[in-house]
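Take a look at the structure below.
For the numbers below, each heavy atom of this structure counts, side chains included, while hydrogens, waters and symmetry mates do not. Convention: sequence-line order gives letters A, B, ...; per-chain numbering from 1.
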Amino acid sequence: MTESWGRYPAAAHAAEIPIAWRSEARLPPQRPVLAFGQGRSYGDACLNDGGTLLHTFGLDRFIDFQAGVLRCEAGVTLRQILDFAVPRGWFLPVVPGTEQVSVGGAIANDIHGKNHHRAGTFGGHVRRLELVRSDGRVECAPGDPLFAATVGGLGLTGLVTWAEIALMPVPGPAIEVESIPFAGLDQFFTLSDESDARSAYTVAWLDVLSASHRGIFFRGDAVEGGARPPRLRASVPFDLPLVNGFTVRAFNAAYSAANRLAAGRKRVHYRPFFFPLDGIGRWNRLYGKRGFLQFQCVVPTRDGIRAILDAAARLHAGSPITVLKKFGDLPSPGMLSFPRPGFTVAIDLANRGEETFAHYQRLEQLVMVAGGALYPAKDARMSAESFARSYPRVAEFTPFVDPAFSSSFWRRVSR
Amino acid sequence: MKILVLGATSAIAQAAARLWAARGEELLLVARNGDRLSAVAGDLRTRGGTVETLVQDLDDASLYGRLVRPFDRVLLAHGVLGDPAEVEPAAIERVLRTNLIGPAQLLTLIGEQLPPGACIAALSSVAGDRGRAKNGIYGASKAGLDAFLSALRQKLIRRGVRVVTLKPGFVDTPMTAALPKTPLFASAESVGRGVVRAMESGADVVYLPGYWRIVMFLIRSLPERIFKKLSF
């Protein structure tokens, strides 16, 4: 059964059809349809319960690469692009926390990364793309309303067959990273402000269970010279529910201690810097069959993020990997893009049913009070009301939704 | 190196050809569907290969002459699964034509012209190791191909040309995207790497991944009186 990365909610698809050739890409009669790439969104944005999934897994060819602009099919993964581009001296201008996402998924969720304060979102580097819609094929580019609807448009405006992405020059595969332990949020805010002014990549890991909000701040830049990719790559072979309060405390203490000891500067390969969790294949199995929810929000103010982190610590929302970042103020190109000025935090919540949903809802309310938004790529629970409130351009977006397309997420929030 | 890829739009052939393209090899790609072939060719050119294409139905033996050239490497990757429920003589013949008769005719001709040091590899299947009710004709065509490749290997080794029989198990291709993945599924990418490696090594018969050699040894060892009652 096809699942999203968080393995919640379950969805039963009436049909799952591979789209492996762009020349033959057309919509099947079974409606509604939704494209499915690598299934790396966490909730139900990539699911279409009762409908049809179009698997773009085989749509993974490069089309052209000239002067740093790559044209490729939508099922190509960011890993495939980096394997190709880095030896040629180019890098993706925006990468998320995993390289196992497709180009189509990166556009549909208008993803962001550790350099949001410099580079904005992925969609801002897309030059052109092609959509297969129920009334035929259409190309669009920045400036077209259909493009602004498609970037961050959750796959609802049609099937992306190919896209053109402007890469950026890079001196090599090495990142020089400095890790700095911090004892509380005030230190984090100061570190963020001073680091964003000088470093291309900034992000913080947070011990979410600590009431003081201690963590480790990472800032990095691409540098000249070589770096070796990590050789070992493990994979979780079956459901192995290891994440619980005890293991999270133990992990957080160990991670924090290890990083305190290793604080300072070092040179690493870009893979462990950007994609540490990709070193453990299928890590979502560590949450067991019931899966987990990832809560990711953005709120505009310091007080807002403090209130949410206080609540998360009180709820014992145990999450080994909690990531905190200050977004920059570059405008996002999509009508439904998630990034906006403020602070974003991502917290994993093991799914224990109603109790977890109640915690999620509590956090969701605090986000709404703070005037923030939840990230559809991660969400499985937000209310239609919260969505409408935090995505004010939804009325402008809706006319661009193709009548043949829908998703579990869309049916949930557009009620 | 000059490399001929027959059935170049198959997932395994694409994966192998990407590695060759990245090394800057000279590729001649043959496939029946022109649009698909040009998508594959564009990909391989972008990756650094020098690519020529030929749109051709490899069931048509009258065109084989165009492919008889002194290649350094030949990968035969075309084939059909057929519908196991099909009982029409013509349909059964088509599976044998594509998977066995055509390859036997074509590789016999090509083999004559290859220089010493060259290598032919053909995609057979673990299905050729023992006939099963679920895909009898397909299995028979691959068993026949295995026997032919074994003979060709013996014949060509005297001239310094190697022949490799490739036997992949379950491969994760676009067609299997929606299936639940058991640990027995291998990615087309890893199988493609295995193909390129096998053609560079001294291997004769290669299972991809290697554990299929043990699985198929066990399956072949079952006595017929037990095997006939099984339903896998």
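B/Ser187 contributes atom OG, which lies 7.5 Å from atom CZ of A/Phe57 (distance to the nearest 0.5 angstrom). For the atom pair A/Ser23 OG and B/Asn33 CG, the distance stands at 6.0 Å (nearest 0.5 Å).
Sorted by first and then second residue, the side-chain hydrogen bond (donor to acceptor under 3.5 Å, both in side chains) pairs involving residues 211-222 of chain B (not counting sequence neighbours) are B/Asp129-B/Arg220, B/Tyr207-B/Arg220. Residue pairs meeting the salt bridge (Lys or Arg N to Asp or Glu O under 4.0 Å) criterion with at least one member in residues 48-75 of chain A, sequence neighbours excluded: A/Arg22-A/Glu73, A/Asp60-B/Arg18, A/Arg61-A/Glu73, A/Arg71-A/Glu164.
In this structure, the side-chain hydrogen bond (donor to acceptor under 3.5 Å, both in side chains) partners of B/Arg73, at least two apart in sequence or on a different chain, are B/Glu200.
Among residues 75-89 of chain A, the residues having any heavy atom closer than 4.5 Å to a heavy atom of chain B are, in sequence order, A/Gln80, A/Phe84, A/Arg88.
With a 4.5 Å cut-off on non-hydrogen atoms, B/Glu189 does not touch chain A at all. Using a 4.5 Å cut-off between heavy atoms, B/Thr9 contacts chain A through both its backbone and its side chain. For A/Glu24, the part sitting under 4.5 Å from any heavy atom of chain B is the side chain, from C-beta outward, and nothing else.
More than 12 non-hydrogen atoms from other residues, nucleotides or ligands lie less than 6.0 angstrom from CZ of B/Phe185. Under a cut-off of 6.0 angstrom, the local environment of CZ in B/Arg32 is sparse, with at most 12 non-hydrogen atoms contributed by other residues, nucleotides or ligands. B/Phe170 CZ: 12 or fewer foreign heavy atoms inside a 6.0 Å radius.
The backbone N or O of A/Phe65 lies less than 3.5 Å from no partner atom in the side chain of B/Thr46, so there is not a single donor-acceptor pair.
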With side-chain contact (heavy atoms from CB on, under 4.5 Å) as the criterion, how do B/Leu44 and A/Phe62 come out once you've worked through the C-alpha distance, each side chain's angles and the decisive distance to 0.1 Å? CA-CA 8 Å; B/Leu44 298 174; A/Phe62 295 144; over 6 Å; no
